[in-house]
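Quick notes on the structure that follows.
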Number of protein chains: 2
Amino acid sequence: MGRNRATLADVARRAGLSKTAASMVLNGREGTRLSAEAHQRVFAAAEELGYRPNLAARSLRTRKTATIAFVSDIVATTRFAGGLIRGALDAARERDHVLLITETQGDATFEQYAIEAMLDRQVDGVIYAAMATRRLTVPQAILGGPVVLLNATSSDTLPCVLPDDDRAGRSVATALLEHGHRDAIALIGRNRLKEGDPEVSLAARARLRGIHQALGDAGVTLLAECFCTDWLPEHGYAAMRGLLNRQQRPSAVICMNDRLAFGAYQALGEAGLTVPDDISVISFDDDPIAAWLRPSLATTALPHEQMGRRAVELLLDGGAAEPTLVPMPLRRRKSLAPPAG
Amino acid sequence: MGRNRATLADVARRAGLSKTAASMVLNGREGTRLSAEAHQRVFAAAEELGYRPNLAARSLRTRKTATIAFVSDIVATTRFAGGLIRGALDAARERDHVLLITETQGDATFEQYAIEAMLDRQVDGVIYAAMATRRLTVPQAILGGPVVLLNATSSDTLPCVLPDDDRAGRSVATALLEHGHRDAIALIGRNRLKEGDPEVSLAARARLRGIHQALGDAGVTLLAECFCTDWLPEHGYAAMRGLLNRQQRPSAVICMNDRLAFGAYQALGEAGLTVPDDISVISFDDDPIAAWLRPSLATTALPHEQMGRRAVELLLDGGAAEPTLVPMPLRRRKSLAPPAG
DNA sequence: CTGTTAGCGCGTTCAC
DNA sequence: GTGAACGCGCTAACAG
């Protein structure tokens, strides 16, 4: 790869100058007393030879590689969290940096390996990302340089980027209140593990807090809260069936994520009920399926691209020690309507 | 990042030997006449100092970086093609390599930039990946070194990895035949653009060919073929509604991908029809939604992980010049049954 | 047998 | 404007 590349020495020779002179000209160093003509010659030589510096050689001296490590548990290959990478990639490109990506799969051995591989390559900093928003323990080894946590926090005081789930919870509840729902709002997706263990999820508790807060401010309490062992469609389906078996049917349902909502739609369809005429549904994440559902599902978007972007910006431009909360925009879609009757 | 790392010189000094000796021992060179005791001392010193070689310095000499460029149009951030990256990541790790990932977003300027960034960093090879299986033109610049095309072919004779869509088409048709469907099989997702332009899609034509071949072998012709402007749920929905308005209702439907099938499910649900009792459905891709649908959707899986893995293997271990076709496994699920009546 | 010296590879930087 | 050293590890040639 890249054999026959012209070196700085080639450029200098062609320009009839020293490597030093060529280096200074090409790096636009100020305050050097090199003639305008020397500048011309160097630029011309570099142009003609198609010279590009060997970054490996450069970094040996400068200790900068313009390379960022992106270490994640499994985010890199997760269906819709690729947005994190896309945002990071964009921001990195804008700053002339490049991303070295690895995945630990939650395996300590892999993590160890990945981190050493990164440090051996002298990366300028590390973005440590989690698939589920949660608290985690950062490996000692990377604390020697800049680190930003993405979709995660830790007990160390590291800069981190998180979605604003609390505010998202409030938006969701507020959207229902605005449509006139009050005393027949149900919730699908309570989960003790997610709510209780910050290392499993920070989102669950924050969303819940926002929901309860907004409803509480309006003097409303939930009609029902369904517990689910996980947040997959099958659990939303079961929960919705349960709700429909109760004496009072809800006028609206909040699902803790879109996959649960998908399951809820399935149960509603089977029961011959229509969204939103019979029941409104609103949710979190803005998974691609949200827009594909019929009717399209109102939800609050996880701003993955923004988050990835912010992480790179924090790492490279420096910034806040306190958590960076990225807003989760409300996507108003067709699953919302005033209560029936 | 990585300040204070012990250098080879540190190790040599501590072992009371020369850098050369230390280097040879640590690299396990055979045929060197260094005493067993010298070996011990070097290993001990390296251990105590936590020595790790600086790969930038090493690559300056060896011209190997143990780094692979993964350049894609937009695959890196696509919802379920992240599997390509996961597979590549795994195979790379097994070979002690690491992935430098970039995205061109189909933009020539970005592509130019990305490739230069990679070559400047002396990557050992390039995996050039496309989101949609298609033919593409490989930039000159990367032809100086090893290249493998992933989910793509080109006019240059480069090794490439493709899903075996042709065989997948035959599996799909065969699965229906095995269930007893014959003269009432419909197809959703014909598309002139995808079928006609190899730079848009190779999959469409291959799948179609496989389907027609398997049906033809059984003396069966399709009841109907619906054209769709794209392969999204809304198009599948519209096509299915169209099919239901015809005089003869199909006993089974083949959808060109799972998103179309999702739309078809929606139309069937609205029409009060049941899968698979009224109509069987089968499809391509094994998008995550396929398993979430009720009933779960039979489909042929795009073997993304396998493909990513093969690409790295071809790049590093060398291999076939002819295309590597990766089988698309049939996922038998609940959307298949014998025709009603 | 047991090792070492002297450079190379490439770009940056200090002293002159 | 320049020579030389440096950063770090690898390798060919050479010495006790």
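To find a chain, count down the sequence lines: A is the first, B the second, and so on, and within it residues start at 1.
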> On DNA chain C, which is the earliest and which the latest nucleotide, 5' to 3', with an atom closer than 4.0 Å to a heavy atom of chain A?
Replying inline: C:dC10 to C:dC14
> Reading nucleotides 11-16 of chain D 5' to 3', which nucleotides get B (base under 4.0 Å from a protein heavy atom), which S (sugar-phosphate only), which -?
Replying inline: BB-B--
> Closest nucleotide of DNA chain C for B:Glu37 versus for B:Ala57: which of these residues is on the 5' side?
Replying inline: B:Glu37
> Out of D:dT2, D:dG7, D:dG9, which has the shortest distance to the side chain of B:Leu8?
Replying inline: D:dG9
> In whole angstroms, how far is the P atom of D:dC8 from the CZ atom of B:Arg13?
Replying inline: 11 Å
> In whole angstrom, what separates B:Arg52's CZ from D:dG9's P?
Replying inline: 12 Å
> Contact class for B:Ala38 (heavy atom, under 4.0 Å): base, sugar-phosphate, or nothing?
Replying inline: sugar-phosphate
> Hey, does A:Leu55 reach any base, or is it just sugar-phosphate, or nothing, if we go heavy atoms under 4.0 Å?
Replying inline: nothing
> Thinking salt bridges, do A:Arg309 and A:Glu305 make one under a 4.0 Å N-O criterion?
Replying inline: no
> Is a salt bridge present between A:Arg134 and A:Asp73, judged by a nitrogen-to-oxygen distance below 4.0 Å?
Replying inline: yes
Any side-chain heavy-atom pair from [X] and [Y] closer than 4.5 angstrom?
X	Y	answer
B:Asn27	B:Arg58	yes
A:Thr65	A:Leu55	no
B:Gln122	B:Ser59	no
B:Pro303	B:Pro327	no
A:Thr102	A:Phe110	no
A:Leu316	A:His97	yes
B:Ile101	A:Leu99	no

> Which angle, rounded to 10°, do you find between the first-five-pair axis and the last-five-pair axis of the helix from C:dC1-D:dG16 to C:dC16-D:dG1?
Replying inline: 60°
> Do you know which two heavy atoms are closest between A:Asp90 and B:Gln105, and how far apart they sit?
Replying inline: OD1-NE2, 2.9 Å
> Is there a donor-acceptor contact under 3.5 Å from the side chain of B:Arg121 to the main chain of A:Ala66?
Replying inline: yes
